[in-house]
Amino acid sequence: MAGAVDGLFWFLAALSAALSVLIFGLLIAFAIRYRRRAPGERAGVARIPLGLELAWTFIPLGIVLAIFGWGAELFIRQLTPPPGAMTVYALGRQWMWEVQHLGGRREINELHVPTGRPVRLIMTSEDVIHSFFVPAFRVKRDVLPGRYTTLWFDAVRAGEYHLFCAEYCGTKHSAMIGRIVALPPEAFGTWLARDEGDAGQPLATAGERLFGALSCTTCHGRDDTRGPSLNGLFGRAVRLRDGSVTTADEGYLRESILQPAAKVSAGFRDEMPPYQGRLSELQVLQLIAYIQTLGAAAPP
Amino acid sequence: MTDADADAETDTGTATTAATVTTDAAGAKSYLNAGFGVTSWLLTRDHKRIGILFLVTLTLFFFVGGLFAVLMRIELLTPPGEIFQSETYNKLFTMHGVIMIFFFLIPSIPTVLGNFLIPIMIGARDLAFPRLNLLSWYVFVAGGLFTLAAVVAGGVDTGWTFYTPYSSVYANSRVVLAGVGVFISGFSSILTGLNFLTTIHTMRAPGLTWFRLPLFVWSIYATSIIMVLGTPVITITLVLLLLERTLQIGFFNPSLGGDPVLFQHLFWFYSHPAVYIMILPGMGVISELIAAFTRKRVVGYPFIAFSSIAIAVLGFLVWGHHMFVAGQSVYAGMVFSLLSFLVAVPSGIKVFNWTATLYKGSVSFQTPMLYAFGFIGLFTIGGLTGLFLAAMGLDIHVHDTYFVVAHFHYIMVGGMVMAFLGGIHFWWPKITGKLYPEGWGRLSALIIFVGFNLTFFPQFILGYLGMPRRYHAYPEELQILNVLSTAGASILGVGYVIPLIYLFWSMRYGRTAGANPWAAQGLEWQVPSPPPVDNFETRPTVTDEAYAYPMRGDPAVQEGMRKTTEMPP
Amino acid sequence: MNRDAHAHQFDTAEQQDAAARLGMWTFLLTEVLLFGGILTGYAIYRAEHGDAFTAGSARLDFWLGFINTAILIASSLTMALGVHAAEHRRHRLLMFFLAATMLLGAAFLGIKAIEYAHKIHERLLPGPLFAPAAPGARRLELFFSFYFALTGMHALHMLIGIAILAVLLVMVARRPDAPSIHRRIEVTGLYWHFVDIVWIFLFPLLYLLGPAGPAR
Amino acid sequence: MTGRLGYFACAAALLALLVATVAAARVDLGPLSTTVALAIAGVKAALVILYFMHVRRGPRLIWLYAAGGFLWLALLITLVWADVTTRAPNL
């Protein structure tokens with residue numbers, strides 16, 4: 001992706017340079033050629049044909065429309081993670097990045113990733129708006145409180161890269177920085193398996209325990225009883241009470257845990273208590289990770 | 001003897017003298033001599049004096065805002081951020097932004113040159129609502145005092161964008177004082193815009209049809225539309241923000257189901273068009289300067305006039321390009337990106353037409369024209385780099401980096417401030433009746449141009465390399481470019497101080513300017529310098545288009561020069 | 001008749017009238033967008049949290065809102081008649097209509113105050129004092145944030161309108177033949193009608209969400 | 001005195017529309033109910049603008065100003081709406 005972004009950048013740089021040279025060249029040439037030679041000198045009559053006016057109206061229009069298309073196509077690609085991307089969760093908080101791997105390892109202001117495999121981040125903030133910015137990968141996305149945003153990148157070469165917070169977030173904004181460590185796949189595997197004192201349970205395991213502790217099973221069982229069954233829910237299309245259809249992705253699950261009334265599944269009543277304020281963002285992530293594992297075990 | 005004087009003596013004879021002579025003969029007092037006490041200024045309803053009041057106030061704010069910029073650049077000389085605490089640095093860039101945007105750039109040309117010139121250019125005695133005009137200044141000063149109080153009381157650290165929930169819940173600085181200051185100053189903007197719109201619609205001199213108006217009037221008209229339609233939205237948004245902060249009434253707070261992105265929508269609905277409030281009047285000034293210093297009608301007059309309106313309208317439809325990475329929907333982003341690109345077209349039209357105006361012109365290089373050249377160059381670069389930011393896929397990378405900082409400084413400082421200084425120099429003889437020293441003028445224009453580019457061009461590179469804005473410490477590999485930028489800033493600072501000194505000096509010691517030192521066309525050059533209180537002895541009647549300069553080989557003017565106006569007997 | 005008198009910057013009284021009218025319309029343009037900022041937020045949140053907003057609407061006193069709408073329509077009528085009287089130089093009639101408009105405006109504000117008192121008593125004032133217990137209460141609070149912002153801003157405009165009318169009433173009483181009176185009355189009328197229009201939109205937007213409203 | 005009669009007629013129409021909007025709200029029109037309520041409000045506002053505020057006999061410029069504010073507000077709401085309603089939950 002970085003190469004594709006740079007392609008557009010340098011194209012635009014070249015275009016800008018060419019246009020600047022054209023305009024500055026004409027300005028200077030005209031200024032010298034038509035400089036005032038005598039104090040009372042008058043200007044000559046010069047008619048600009050309408051065709052020329054139209055040309056410098058519509059040719060730039062065509063050019064900018066083409067650039068729009070290019071930029072938009074690039075944008076869509078940057079927002080669509082390729083299949084098989086590795087999911088990692090990131091929490092922004094004044095003034096640190098907390099990264100949670102599915103397997104349970106947790107990092108502060110660091111993110112270890114394997115080379116050659118796309119990484120998809122699911123991010124949220126616990127306080128103000130932050131922005132996850134890795135210049136080397138040409139990616140950036142704001143991290144908002146109260147909802148998930150995502151971002152993906154592909155570290156081609158092993159190495160260390162800057163991680164910045166790009167949205168002003170308070171006193172230590174410029175200290176909310178870290179590094180992305182891209183390791184070859186084997187080295188990454190070793191790193192992931194190691195415990196440097198930060199490893200908790202795998203997210204899904206913690207989520208399962210929490211699921212039980214919160215008595216979610218009372219309503220969400222193997223079959224649709226009081227609440228819809230969660231088996232095989234993740235990634236599926238869900239029909240809602242008001243007739244609309246949505247996809248059960250991370251954002252939907254988060255909202256349905258914290259504010260169940262917002263989107264109620266068709267055929268069910270709005271009777272689940274909201275968990276907003278009762279669960280930390282990390283706990284929500286654990287529950288989501290657990291619900292995703294329910295997909296595998298679900299009967300067709 | 002400078003070119004200007006020579007021109008004045010050889011070429012002013014025809015169109016201008018009639019008006020000058022009649023007014024002088026009547027012995028009318030100039031607006032500067034009409035009264036001398038402090039109250040004669042503080043209670044004046046003369047649009048010219050109010051323009052001067054704004055000029056003095058804005059100059060003060062410009063140098064206060066500039067001081068913050070200098071401190072920031074000093075801090076950024078070294079990577080680790082050793083001079084100020086990060087807290088202090090955050091307040092510096094916030095106060096720099098708030099003061100420069102709300103208390104200098106937005107009011108600058110409209111309230112100073114617009115106030116002074118619009119009534120004269122349309123042949124009126126004053127604006128439609130002189131008392132509202134004075135009120136506008138008092139409101140502005142009140143807003144400014146609140147904001148300065150916020151600085152004195154410890155500063156504000158939210159960034160000029162006041163994004164929630166940081167500003168409404170988390171910030172520990174004087175958000176309320178600064179917010180109230182900006183809120184109040186908004187009313188000044190609304191009153192000014194309202195006054196201009198009404199005046200231009202109802203008070204044009206007989207015969208002064210829309211397409212005979214100077215392009216500066218068109219640009220101020222377009223600017224006023226934005227002021228009137230946009231400012232109320234930020235005003236009310238700030239009210240909601242302040243309510244949320246002081247009374248904890250939720251409007252944007254995510255814990256109530258609110259949406260911080262909504263704040264950004266409402267904020268940019270005004271603040272993006274506000275960019276055009278800053279640049280459109282500058283474009284108007286440049287059109288005037290180019291016409292005067294090439295002695296030609298600006299090429300493509302209707303295109304330039306309508307492109308101002310087009311920019312004002314299109315400018316309202318593009319605000320979402322500040323939010324491509326902010327969690328806005330992809331589809332909305334597409335719409336905003338497409339519309340943003342469309343703004344490039346009317347901007348391009350202006351640049352091409354200005355350039356073409358030089359063709360076969362009689363180009364002279366006095367200070368205002370040097371500023372005009374600087375404007376076109378820097379605006380071109382600023383505009384072209386706008387394409388980078390409107391392209392969504394590329395904006396992801398450069399958004400909120402120094403690339404953006406450089407881009408908008410090229411537009412606002414490179415464009416707007418250049419135009420402001422060019423306009424001040426051009427109309428200085430009219431405003432004060434005195435000539436500024438031409439040599440110093442050219443020198444400082446050159447210093448500013450060089451200093452500006454040295455300050456801000458490296459910032460494009462910094463942004464591309466990934467340096468985020470609002471960082472008071474940065475990685476070591478970026479130091480060289482930052483040092484270059486700081487060096488440029490010190491040159492730029494000198495460039496800004498020189499005109500301040502010689503313009504002051506010229507008020508007392510400058511040589512007396514005639515009514516029309518540039519041999520320029522336009523109603524403002526037909527009244528004495530400085531103009532009398534009521535501008536015109538008798539209402540002028542306009543019979544010709546704007547910029548009716550006599551031309552070589554034009555059969556229409558062979559037998560004599562055209563007159564722009566005829567004074568009734 | 002000194003009707004032709006005009007300020008020095010104008011050429012004729014007609015020009016001054018046109019400028020005053022256009023100036024006021026421009027001001028109203030800004031007012032539309034002033035309310036528009038809050039309305040945008042309201043529209044967006046209503047789309048997102050429809051149920052909570054309907055529930056909030058059901059807690060408003062529909063009949064008080066209805067009566068207030070009728071009162072404002074009546075006040076617009078008296079204002080229009082006042083402008084008409086001013087045009088025809090009927091000063092006594094003009095004073096009567098100005099007073100009637102003020103009274104109707106005050107009645108509106110009185111009823112609004114009763115509504116506010118009820119809401120505060122029910123602890124529906126958003127902020128730290130907000131205390132309903134039902135699930136989804138946070139969204140309900142959001143509705144009331146907007147209810148108070150919109151109606152509060154409207155009430156503030158009513159207050160300003162009444163104050164202007166009071167000043168005009170005194171002016172007419174003192175100098176009924178002052179040349180600028182008819183212009184001032186006309187321009188104030190525009191303002192008053194605008195404030196009425198705002199309420200015409202606020203009433204259905206706030207009070208008539210879903211069938212719950214008028215059924216009670 | 002036709003002017004005065006016109007004002008009374010206008011006020012009567014406004015009150016009738018007020019009753020109509022209440023009646024419409026009593027009927028459950030589903031998602032249409034808001035549209036109907038706003039449409040009636042729009043008609044009422046138009047009556048006030050055209051008759052009470054004399055735009056009907058005003059110059060074209062005043063028509064433009066009267067419509068401009070609402071147009072601009074519609075623009076603001078539409079574009080913000082376009083964002084909020086098309087956000088994929090997870091993007």
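Residue numbering restarts at 1 for every chain, and letters A, B, ... go by the order of the sequence lines. Because the structure is a prediction, the values reported are computed rather than measured.
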Review point. Quick one: what part of C/Phe146 sits under 4.5 Å from any heavy atom of chain B, side chain, backbone, both or neither?
Key: both
Check your understanding: By a 4.5 Å heavy-atom criterion (distance strictly below it), what part of C/Leu22 contacts chain B: side chain, backbone, both, or neither?
Key -> both
Check your understanding: Which atoms of B/Leu194 come close to chain C, meaning under 4.5 Å heavy atom to heavy atom: side chain ones, backbone ones, both, or neither?
Key -> both
Check your understanding: Using non-hydrogen atoms only, which part of B/Ala128 is less than 4.5 Å away from chain C: side chain, backbone, both, or neither?
Key -> both
Just so I know, are the side chains of [X] and [Y] near enough to count as touching, which here means a heavy-atom distance under 4.5 Å?
X: B/Ile184; Y: B/Val139; value: yes
X: B/Val217; Y: B/Phe196; value: no
X: C/Leu208; Y: C/Phe62; value: yes

[atom2] on [Y] to [atom1] on [X], rounded to 0.5 Å:
X: B/Leu266; Y: B/Phe252; atom1: CG; atom2: CZ; result: 5.5 Å
X: B/Ile50; Y: B/Tyr138; atom1: CD1; atom2: OH; result: 9.5 Å
X: B/Met227; Y: B/Leu280; atom1: CE; atom2: CG; result: 10.5 Å
X: C/Leu140; Y: C/Leu124; atom1: CG; atom2: CG; result: 6.5 Å

Practice item. Just give me the residue among C/Gly37, C/Pro126, C/Ala20, C/Ala19 that pairs up with chain B most often, heavy atom to heavy atom, under 4.5 Å. Key: C/Ala19
Taking donor and acceptor roles from the modelled atom types, list the N and O pairs under 3.5 Å across chain B and chain C.
from: B/Arg125; atom 1: NE; to: C/His8; atom 2: O; distance (Å): 2.7
from: B/Arg125; atom 1: NH2; to: C/His8; atom 2: O; distance (Å): 3.3
from: B/Arg125; atom 1: NH2; to: C/Phe10; atom 2: O; distance (Å): 3.0
from: B/Arg125; atom 1: NH2; to: C/Asp11; atom 2: OD1; distance (Å): 2.9
from: B/Ala128; atom 1: O; to: C/Gln9; atom 2: NE2; distance (Å): 2.8
from: B/Thr202; atom 1: O; to: C/Gln15; atom 2: NE2; distance (Å): 2.8
from: B/Gly250; atom 1: O; to: C/Ser145; atom 2: OG; distance (Å): 2.8
from: B/Phe251; atom 1: O; to: C/Tyr45; atom 2: OH; distance (Å): 2.6
from: B/Gly257; atom 1: O; to: C/His49; atom 2: NE2; distance (Å): 2.9
from: B/Asp259; atom 1: N; to: C/Tyr45; atom 2: OH; distance (Å): 2.8
from: B/Arg539; atom 1: NH1; to: C/Asp11; atom 2: OD2; distance (Å): 2.2

Review point. Would B/Trp218 and B/Trp210 satisfy side chain to side chain contact (heavy atoms under 4.5 Å, CB included), going step by step from the backbone distance to the final call?
Key: CA-CA 8 Å; B/Trp218 275 96; B/Trp210 284 88; 4.0 Å; yes
Revision key, fill the gap. Contacts of C/Met102 meeting side-chain contact (heavy atoms from CB on, under 4.5 Å) (sequence neighbours excluded), chain-then-number -> C/Ile162, C/Leu165, C/Ala166, C/Leu169
Check your understanding: Looking at B/Leu191, B/Leu127, B/Leu229, B/Leu197, which one has more heavy-atom pairs under 4.5 Å with chain C than the rest?
Key -> B/Leu229
Study note, to complete from the structure: Given B/Leu240, B/Ile190, B/Leu132, B/Val228, the one with more heavy-atom pairs under 4.5 angstrom with chain C than any other is B/Val228
